[in-house]
2 protein chains.
Amino acid sequence: MGRKLYLEILNELHRYVNENALQPGDKLPSERVLSDQLNVGRSSVREALRSLEILGVIETRRGEGTFLCDISGHQLVELLSTFILTSNKSKTDINELKVLLEKSALQLFKSRANEIDTSKLIELASEIVKTQKNSFDAHTLLFREIFLRANNQLLMKIWILLSEYARMSEDSFISTNILEYLKFINSLNCESNEIIAAYEKLIKSV
Amino acid sequence: MGRKLYLEILNELHRYVNENALQPGDKLPSERVLSDQLNVGRSSVREALRSLEILGVIETRRGEGTFLCDISGHQLVELLSTFILTSNKSKTDINELKVLLEKSALQLFKSRANEIDTSKLIELASEIVKTQKNSFDAHTLLFREIFLRANNQLLMKIWILLSEYARMSEDSFISTNILEYLKFINSLNCESNEIIAAYEKLIKSV
DNA sequence: ATAGGCTAAGTGGTATGACCACTTAGTGAG
DNA sequence: CTCACTAAGTGGTCATACCACTTAGCCTAT
């Protein structure tokens with residue numbers, strides 16, 4: 001038992017979440033109950049919970065309890081921004097990487113989707129672009145659908161992280177030009193390289 | 001002061017590290033000293049420290065103290081592997097994303113490099129491939145150089161994370177075929193799309 | 001004087017108990 | 001039936017007391 005206690009507790013929590021098939025939004029046992037059941041001090045439980053919170057895995061609400069999170073990980077983003085990404089280049093890096101990931105997602109999507117998938121996406125995308133007033137939200141919602149269909153959860157999670165950071169830093173590079181968006185959406189029927197071309201045109205039309 | 005205390009402490013620590021220009025390996029004040037100076041309880045200090053530890057920012061050694069870490073973030077990798085990447089598809093996701101990032105890096109590199117950069121890289125790459133016996137290491141070293149020249153730190157950090165995980169899971173997809181590597185390296189002189197083609201051929205030659 | 005072991009101080013690790021602030025549900029008065 | 005209040009439960013914080021471990025300094029025996 002040389003390992004640190006809060007890491008053991010992390011494992012127990014992990015087991016608990018899996019065994020009970022907890023979903024995002026579900027409630028975890030209270031700190032006092034956990035410390036009783038695991039035979040550890042409440043402070044140790046709290047240390048474990050804090051490290052989960054900073055990672056965006058859980059959310060704690062005073063007076064209510066501890067809940068499983070929907071990824072989001074805004075804490076992580078914030079910490080990355082203060083601790084790791086301190087350089088001036090970081091903002092540029094983030095936006096650049098975001099674009100790269102979106103390109104990758106487009107290619108992945110195209111390599112996996114059949115015609116029906118594509119036409120469904122196009123329909124959905126048109127609806128999104130028409131509905132949303134805020135172009136940043138429209139872009140995010142649209143690409144959320146694309147990433148879902150790209151079928152790589154890890155890729156999507158990183159992208160969501162970057163999107164949140166981009167929103168925080170209010171450095172949105174997204175065009176309000178709806179026409180460009182419609183062109184881009186239509187290009188989804190074409191070959192991979194044409195889609196990328198349309199995407200690059202879209203991005204550059206700021 | 002609605003914000004949570006441990007987040008405030010995180011800020012204070014950040015300030016301290018910056019003001020004193022602490023380097024990786026340097027020692028932080030002890031928990032008791034911190035709780036005195038900041039006028040907070042030791043348990044709150046510890047909660048802040050745990051969230052830094054889980055992120056791989058600091059390292060604590062019983063009886064010695066708390067020390068700043070050099071990046072790498074192996075803790076983060078481990079946690080990703082246990083908490084975020086629990087699905088069965090995760091290994092596939094990781095390898096797939098790693099490939100996508102390497103493609104992105106190649107394109108970034110090509111968009112930024114001039115002829116001299118390219119020829120220098122080719123020389124270096126040839127040397128690496130000839131020297132390294134382990135194909136996984138050769139691949140990692142080679143792409144490390146490429147990512148450095150792609151000039152996006154965030155992209156590189158994520159790739160390093162994935163590389164470490166790939167090494168841990170011993171699921172290396174890398175060919176031992178040196179010939180394919182040499183072909184790939186030579187392609188670096190060509191246009192972007194030809195490089196990508198050579199890379200894909202390399203990856204598929206497992 | 002030196003080598004070896006011992007001791008004390010400092011440090012992180014953990015448990016416990018005591019409050020506080022907040023939320024919720026239930027209870028009771030109107 | 002409605003509204004206000006109360007009690008229980010929950011996270012947030014602090015203080016204290018140990019434990020386990022490391023280090024440095026002292027003291028002893030050689």
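Chain naming here is simple, since letters A, B, ... match the order of the sequence lines and numbering starts at 1 in each. This one's a predicted model, so the numbers in the text were calculated from it and none came from an experiment.
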(message) Holding to ring pair (Phe, Tyr, Trp, His ring centres under 6.0 Å), I want the full list of residues that pass it with Phe109(A), two or more places apart in sequence or in another chain.
(response) none
(request) Give a yes/no answer on whether the side chain of Arg50(B) brings an N or O atom under 4.0 Å of OP1 or OP2 in dG13(C). (result) yes
(message) Would you say Thr66(B) places a side-chain N or O within less than 4.0 Å of OP1 or OP2 belonging to dT11(C)?
(response) no
(request) State which of dG11(D), dG13(C), dC14(D) makes the closest approach to the side chain of Arg46(A). (result) dG11(D)
(request) Check every strand shown and say whether Arg42(B) touches a base, only sugar-phosphate, or nothing at a heavy-atom separation below 4.0 Å. (result) base
(request) Inspect the contact between Lys4(B) and Glu53(A) and indicate whether a charged nitrogen and a carboxylate oxygen are less than 4.0 angstrom apart. (result) yes
(request) Give a yes/no on whether any side-chain N or O of Ser44(A) is located under 4.0 angstrom from OP1 or OP2 of dG13(C). (result) no
(message) Against Lys120(B), only a single residue in Ile116(B), Asp117(B), Thr118(B) fulfils side chain to side chain contact (heavy atoms under 4.5 Å, CB included); can you say which?
(response) Ile116(B)
(request) Starting at atom CD of Glu47(A), determine the distance to atom C1' of dG13(C), rounded to an integer number of angstrom. (result) 8 Å
(request) Round to a whole Å and report the spacing from CG of Leu34(B) to P of dG10(C). (result) 16 Å
(message) Quick check for you: among dA15(C), dG11(D), dT23(D), whose closest atom lies nearest to any side-chain atom of Leu5(A)?
(response) dA15(C)
(request) Identify whether any heavy atom of Arg32(B) sits under 4.0 Å from a base atom; if not, whether one sits that close to sugar-phosphate; answer base, sugar-phosphate or nothing. (result) base
(request) Identify whether the distance between the nearest side-chain nitrogen and carboxylate oxygen of Glu12(B) and Arg15(B) falls below 4.0 Å. (result) yes
(message) Under 4.0 Å, counting only non-hydrogen atoms across every strand here, what does Ser30(A) touch: a base, just sugar-phosphate, or nothing?
(response) sugar-phosphate
(message) In whole Å, I'd like the distance from the CG atom of Leu10(A) to the P atom of dG13(C).
(response) 15 Å
(message) Heavy atoms only, 4.0 Å cut-off, all strands: where does Ser35(B) land among base, sugar-phosphate and nothing?
(response) nothing
(request) Describe the nucleic acid contact of Ser43(B) in one word from base, sugar-phosphate, nothing, applying a heavy-atom distance below 4.0 Å. (result) base
(message) Tell me the interatomic distance from Asn39(A), atom CG, to dT16(C), atom P, rounded to whole angstroms.
(response) 8 Å
(request) Nearest whole angstrom, please: distance from the P of dG12(D) to the CD1 of Ile9(B). (result) 13 Å
(request) With the side chain of Lys27(B) defined as its heavy atoms from C-beta on, choose the nearest nucleotide among dT10(D), dC14(D), dT11(C). (result) dT11(C)
(message) Return whichever of Pro29(B) or Gly63(A) has its heavy-atom-nearest nucleotide of DNA chain C closer to the 5' end.
(response) Pro29(B)
(request) Please check if any side-chain donor atom of Glu19(A) sits under 3.5 Å from a side-chain acceptor atom of His14(A), or the reverse. (result) no
(message) My understanding is that only one of Asn152(B), Leu108(B), Leu155(B), Ile158(B) makes a side chain to side chain contact (heavy atoms under 4.5 Å, CB included) with Phe147(B); could you say which?
(response) Leu155(B)
(request) Could you tell me the separation between the NZ atom of Lys4(A) and the P atom of dT11(C), rounded to a whole number of Å? (result) 16 Å
(request) Rounded to the nearest angstrom, tell me the gap between atom CD in Glu59(B) and atom P in dT11(C). (result) 17 Å
(request) Check the distance between dT11(C)'s C1' and Arg62(B)'s CZ and give it to me in whole angstrom. (result) 10 Å
(message) Regarding Gly41(B), tell me which of base, sugar-phosphate or nothing describes its non-hydrogen contacts under 4.0 Å with the strands shown.
(response) sugar-phosphate
